[in-house]
Engineer: 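Shown below is the structure under consideration.
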Number of protein chains: 2
Amino acid sequence: MIPTTAEAIKFFLSSKGVKPSLQRIKIYEYLATNKSHPTVDEIYVALAAELITLSKTTVYNTLSLFTEKNIISSILIEENETRYDANLTHHGHFKCVKCQKVYDFNFDLSKRQIDSLNDFIIAEYHAYIKGVCKKCNKT
Amino acid sequence: MIPTTAEAIKFFLSSKGVKPSLQRIKIYEYLATNKSHPTVDEIYVALAAELITLSKTTVYNTLSLFTEKNIISSILIEENETRYDANLTHHGHFKCVKCQKVYDFNFDLSKRQIDSLNDFIIAEYHAYIKGVCKKCNKT
DNA sequence: GTATCTGCAAAACATTTGCAATTCT
DNA sequence: AGAATTGCAAATGTTTTGCAGATAC
């Protein structure tokens, strides 16, 4: 399960070899409680209200560190924006080209046998779909 | 089949409603004959030798136009680099984190039933995997 | 008190935009 | 000539880097 309380996050980050500074805890907490797959900017804007000295550099540093340590994963759906996800279970992402929202969908590419990749070492599986979501489709 | 001769490309682009200028033909030809999923820069550098007045703006314009008209597709595997592919059949991409090469693999996400996306309109399917390729794994 | 972490300012890239020159018919 | 295309130069936006000050153990 993904930890969501400050205490649990503190413990979780420590267990991954990351010192749980206030900034790091808050950034992880934001990712864990907002399943919106936010961009760096979204995280920065949301947290800057509370952490008034927060810099974007710290957000970048922290997200890179988390990604390296396999604490979160980065997802690519749109050019020139990287999004982040605290949910490390295998799943796909759907981006609505109208409302820009990113939805999760149930799909595990790792369960598929892919013959042409025999003898390849696989580190990450990603699946994404673009289109128009149910809501936007109605309007 | 993907056209690869200048004549065939000329005809193909016209059939898609795109005027076949020299630059456009050369850019399409590069994509059709180099299955390396090149970046904008790779295309530009490769063609600038021959088309000495070629500008990167034209490469950008042309690739955007091709993507809009569904003549090619853009693929995202790495942050801050968009790659392009003239092969429009459904398939996945594998990027080797050592040699940086991008391989195709056989996989068609569109054939999978994804229940959580019922009533969603789907425009594009993408699957990509990162890891270490067979060759790099041996060395 | 020494390592690490944070954050400002500047740099580095990829991509886009405005616009003038060129090309095609 | 008129419309579309090309390409230069400048602008934009995201991410990275260098470094100084702050913080933690």
Side-chain angles (χ1 to χ4, degrees), chain A residues 6 9-11 13-14 16-30 37-69 71-84 100 102, chain B residues 6 9-10 13-14 16-30 37-69 71-84 95 100 102:
Chain A
I9 292 169
K10 214 163 168 175
F11 181 80
L13 293 181
S14 300
K16 296 283 189 177
V18 169
K19 282 193 190 165
S21 72
L22 176 62
Q23 289 85 341
R24 288 168 177 177
I25 292 170
K26 286 292 179 187
I27 290 170
Y28 187 88
E29 186 185 36
Y30 186 82
H37 318 85
T39 60
V40 169
D41 198 63
E42 281 163 7
I43 298 168
Y44 170 72
V45 169
L47 295 182
E50 192 181 347
L51 304 174
I52 50 171
T53 67
L54 184 67
S55 79
K56 242 183 204 177
T57 305
T58 298
V59 180
Y60 275 106
N61 287 341
T62 302
L63 293 170
S64 299
L65 179 69
F66 286 176
T67 305
E68 255 171 48
K69 303 270 186 181
I71 292 170
I72 63 172
S73 79
S74 71
I75 60 186
L76 299 173
I77 307 187
E78 208 66 78
E79 318 180 10
N80 61 39
E81 66 172 34
T82 305
R83 294 174 173 273
Y84 294 88
Q100 311 294 314
V102 176
Chain B
I9 292 169
K10 213 163 167 175
L13 293 181
S14 300
K16 296 283 188 175
V18 169
K19 282 193 189 165
S21 71
L22 176 61
Q23 289 85 341
R24 287 168 177 177
I25 292 170
K26 287 291 178 187
I27 290 171
Y28 187 88
E29 187 186 36
Y30 186 82
H37 318 85
T39 60
V40 169
D41 198 62
E42 282 163 8
I43 298 168
Y44 171 73
V45 169
L47 295 181
E50 190 180 349
L51 304 174
I52 51 169
T53 66
L54 184 66
S55 78
K56 242 183 206 178
T57 304
T58 298
V59 179
Y60 275 107
N61 287 341
T62 302
L63 293 170
S64 299
L65 178 69
F66 286 176
T67 305
E68 253 171 50
K69 302 270 187 183
I71 292 170
I72 62 173
S73 79
S74 70
I75 61 187
L76 299 173
I77 307 187
E78 208 67 78
E79 319 181 9
N80 60 41
E81 67 171 35
T82 305
R83 294 174 173 273
Y84 294 88
K95 174 150 183 181
Q100 310 294 314
V102 176

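Only a predicted model underlies this, so the values are computations on that prediction, with no experimental measurement involved. Note on naming: letters A, B, ... go to the chains in the order of the sequence lines (proteins, then strands), and numbering restarts at 1 for each one.
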Engineer: Nearest-nucleotide wise, let me know which of A:N61 and A:D41 is further upstream toward the 5' end of DNA chain D.
Structural biologist: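 Here A:D41 is the residue nearer the 5' end.
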
Engineer: Would you call B:Y44 and B:T58 a side-chain contact if the rule is heavy atoms closer than 4.5 Å?
Structural biologist: no

Engineer: More 5' along DNA chain D: B:T62 or B:E79, using each one's nearest nucleotide?
Structural biologist: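 Mapping each residue to its closest nucleotide by heavy atoms, the 5'-most match is B:T62.
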
Engineer: Do B:L13 and B:F66 have side-chain heavy atoms sitting under 4.5 Å apart?
Structural biologist: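 Yes; the side chains approach each other to less than 4.5 Å.
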
Engineer: Keeping A:E42 on the side-chain end and A:T39 on the backbone end, is there a donor-acceptor pair under 3.5 Å?
Structural biologist: yes

Engineer: Would you name the heavy atoms of B:S74 and B:T82 that are closest together and state the gap between them?
Structural biologist: CB-CG2, 3.8 Å

Engineer: According to the Watson-Crick and G-U wobble definitions, with both distances under 3.5 Å, which nucleotide is paired to D:dT23?
Structural biologist: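 Pairing partner: none.
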
Engineer: Crowded around B:K95 NZ? As in, over 12 foreign heavy atoms under 6.0 Å?
Structural biologist: yes

Engineer: Can you confirm whether A:R24 sits close enough to A:L65 that some side-chain heavy atom of one is under 4.5 Å from a side-chain heavy atom of the other?
Structural biologist: yes

Engineer: Check the distance between C:dA14's P and B:E42's CD and give it to me in whole angstrom.
Structural biologist: 11 Å

Engineer: Rounded to the nearest 0.5 Å, what separation is found between the NZ atom of A:K26 and the OG atom of A:S21?
Structural biologist: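 OG of A:S21 is found 11.5 Å from NZ of A:K26.
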
Engineer: Applying the Watson-Crick and G-U wobble criteria at under 3.5 Å, what pairs with D:dT17? Answer none if nothing qualifies.
Structural biologist: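 Its partner is C:dA9 (Watson-Crick or G-U wobble, both distances under 3.5 Å).
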
Engineer: Are any non-hydrogen side-chain atoms of B:V59 and B:I27 less than 4.5 angstrom apart?
Structural biologist: yes

Engineer: Which two nucleotides bound the region of DNA chain D that has atoms under 4.0 Å from heavy atoms of chain B, read 5' to 3'?
Structural biologist: D:dA4 to D:dA9

Engineer: Where do N or O atoms of nucleotides 2-5 of chain C meet protein N or O atoms at under 3.5 Å, pair by pair?
Structural biologist:
| unit_1 | atom_1 | unit_2 | atom_2 | d |
| --- | --- | --- | --- | --- |
| C:dC5 | OP1 | A:R24 | NH1 | 3.0 |

Engineer: Remember a base hit wins even if backbone is also touched, and classify B:T53 as base, sugar-phosphate or nothing at under 4.0 Å, heavy atoms.
Structural biologist: sugar-phosphate

Engineer: Below the 4.0 Å mark, does C:dT16 have OP1 or OP2 next to a side-chain nitrogen or oxygen of B:Y60?
Structural biologist: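 Answer no for this pair, as no side-chain N or O of B:Y60 is under 4.0 Å from OP1 or OP2.
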
